[in-house]
Amino acid sequence: MEKIASTTGILCIAVFIMGIFYQLGGFEKTSVIIKFIMSLCVLATMLKNVKGFEPDIDYSQIYDNSFENIYTEELNNEVLSKTEYELEQIIKKRLDEKNISYNQISVHILEQNGVVSVDEISVEGTDADENDILDLIADMTDSETRVKTGE
């Protein structure tokens with residue numbers, strides 16, 4: 001009997017809220033949807049109160065994480081390409097500050113086993129000494145980074 005009283009109380013509160021929404025404006029389609037949802041709630045509550053009825057829905061079959069893996073890989077690729085672009089812009093700015101001419105700058109980032117590192121930095125068409133360029137990009141490189149300069 002407690003379940004029926006609890007269900008009736010919830011139903012009254014829901015009808016009251018539905019009435020408030022209906023009075024706020026002419027939401028005819030919204031009121032139809034709310035009435036439909038409320039009737040489903042009442043029907044589900046009545047069926048649940050019937051002795052021994054328990055709906056068996058396995059939600060684990062509904063969730064499919066294959067899309068999550070695809071989007072994660074796509075996001076990682078997008079982040080890496082954006083990072084390459086931003087590093088190129090930083091290098092261009094540093095070269096411009098030191099009045100070093102260049103034709104093209106390219107950065108290649110490598111990701112292996114979750115570790116991201118700058119694999120190669122190429123500054124083409126420069127007339128500066130390689131040591132000057134290495135000094136400008138020292139904070140972006142490590143011992144395994146290849147730096148190509150010159151024509």
Side-chain angles (χ1 to χ4, degrees), residues 6-7 9-45 47-48 53-151:
S6 171
T7 305
I10 292 172
L11 181 63
C12 289
I13 291 171
V15 168
F16 177 72
I17 292 171
M18 184 181 67
I20 290 173
F21 279 128
Y22 190 73
Q23 292 298 323
L24 288 176
F27 303 114
E28 287 82 20
K29 293 185 182 198
T30 306
S31 68
V32 170
I33 292 171
I34 291 173
K35 288 177 185 176
F36 177 71
I37 291 173
M38 292 305 301
S39 63
L40 288 179
C41 290
V42 169
L43 184 63
T45 305
L47 289 175
K48 189 174 181 181
F53 179 78
E54 188 67 36
D56 185 26
I57 300 173
D58 186 16
Y59 293 106
S60 64
Q61 293 177 356
I62 296 173
Y63 179 71
D64 183 15
N65 65 352
S66 63
F67 292 116
E68 180 179 321
N69 294 335
I70 292 169
Y71 292 136
T72 302
E73 184 177 331
E74 191 174 304
L75 177 66
N76 287 342
N77 291 336
E78 187 65 31
V79 167
L80 289 178
S81 65
K82 181 68 174 172
T83 305
E84 287 176 349
Y85 174 77
E86 290 298 325
L87 285 175
E88 289 172 3
Q89 297 305 313
I90 291 170
I91 293 171
K92 286 179 183 180
K93 182 178 176 184
R94 289 180 182 179
L95 290 174
D96 289 340
E97 287 174 355
K98 296 292 182 179
N99 292 326
I100 298 174
S101 63
Y102 58 88
N103 289 338
Q104 182 178 357
I105 297 174
S106 65
V107 176
H108 181 260
I109 295 180
L110 184 64
E111 177 193 13
Q112 289 181 330
N113 301 327
V115 177
V116 178
S117 62
V118 178
D119 182 45
E120 180 180 322
I121 298 176
S122 175
V123 181
E124 296 177 6
T126 182
D127 57 353
D129 187 24
E130 184 175 351
N131 290 331
D132 294 338
I133 295 174
L134 287 175
D135 289 340
L136 290 175
I137 59 173
D139 60 332
M140 297 178 195
T141 61
D142 59 10
S143 61
E144 298 177 4
T145 304
R146 297 183 311 245
V147 178
K148 295 181 180 178
T149 61
E151 295 292 327

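In what follows, every heavy atom counts, from backbone to side chain, and hydrogens, waters and symmetry copies are set aside.
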Of I91, V123, I100, the residue whose pairing with L136 passes side chain to side chain contact (heavy atoms under 4.5 Å, CB included) =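 For L136, the side chain to side chain contact (heavy atoms under 4.5 Å, CB included) test succeeds with only one of I91, V123, I100, which is I100.
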
Give every donor-acceptor pair under 3.5 Å between a side-chain atom in residues 110-122 and any protein atom, sequence neighbours left out.
{"residue": "D119", "atom": "OD2", "partner": "H108", "partner atom": "ND1", "Å": "3.4"}
{"residue": "D119", "atom": "OD2", "partner": "R146", "partner atom": "NH2", "Å": "3.4"}
{"residue": "E120", "atom": "OE1", "partner": "R146", "partner atom": "NH2", "Å": "2.7"}

With rounding to the nearest 0.5 Å, note down the distance linking [atom1] in [X] to [atom2] in [Y].
X: I133; Y: T141; atom1: CD1; atom2: OG1; value: 12.5 Å
X: S106; Y: K148; atom1: OG; atom2: NZ; value: 8.0 Å
X: T83; Y: I109; atom1: OG1; atom2: CD1; value: 5.0 Å
X: I105; Y: I90; atom1: CD1; atom2: CD1; value: 11.5 Å
X: N76; Y: S81; atom1: CG; atom2: OG; value: 11.0 Å

Could you name each residue pair satisfying salt bridge (charged side-chain N to carboxylate O under 4.0 Å, His left out) that touches residues 88-110, not counting sequence neighbours?
->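 Qualifying pairs, neighbours excluded: R94-D139.
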
Name all residues meeting the salt bridge (Lys or Arg N to Asp or Glu O under 4.0 Å) criterion together with K82; count only those two or more places apart in sequence or in a different chain, and write none if there are none.
->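 K82 satisfies salt bridge (Lys or Arg N to Asp or Glu O under 4.0 Å) with E86 only.
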
By salt bridge (Lys or Arg N to Asp or Glu O under 4.0 Å), which residues pair with D142, not counting sequence neighbours?
->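 Partners of D142 under the salt bridge (Lys or Arg N to Asp or Glu O under 4.0 Å) test: none.
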
Who pairs with N131 by side chain to side chain contact (heavy atoms under 4.5 Å, CB included), at least two apart in sequence or on another chain?
->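 By the side chain to side chain contact (heavy atoms under 4.5 Å, CB included) rule, N131 matches D129, L134.
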
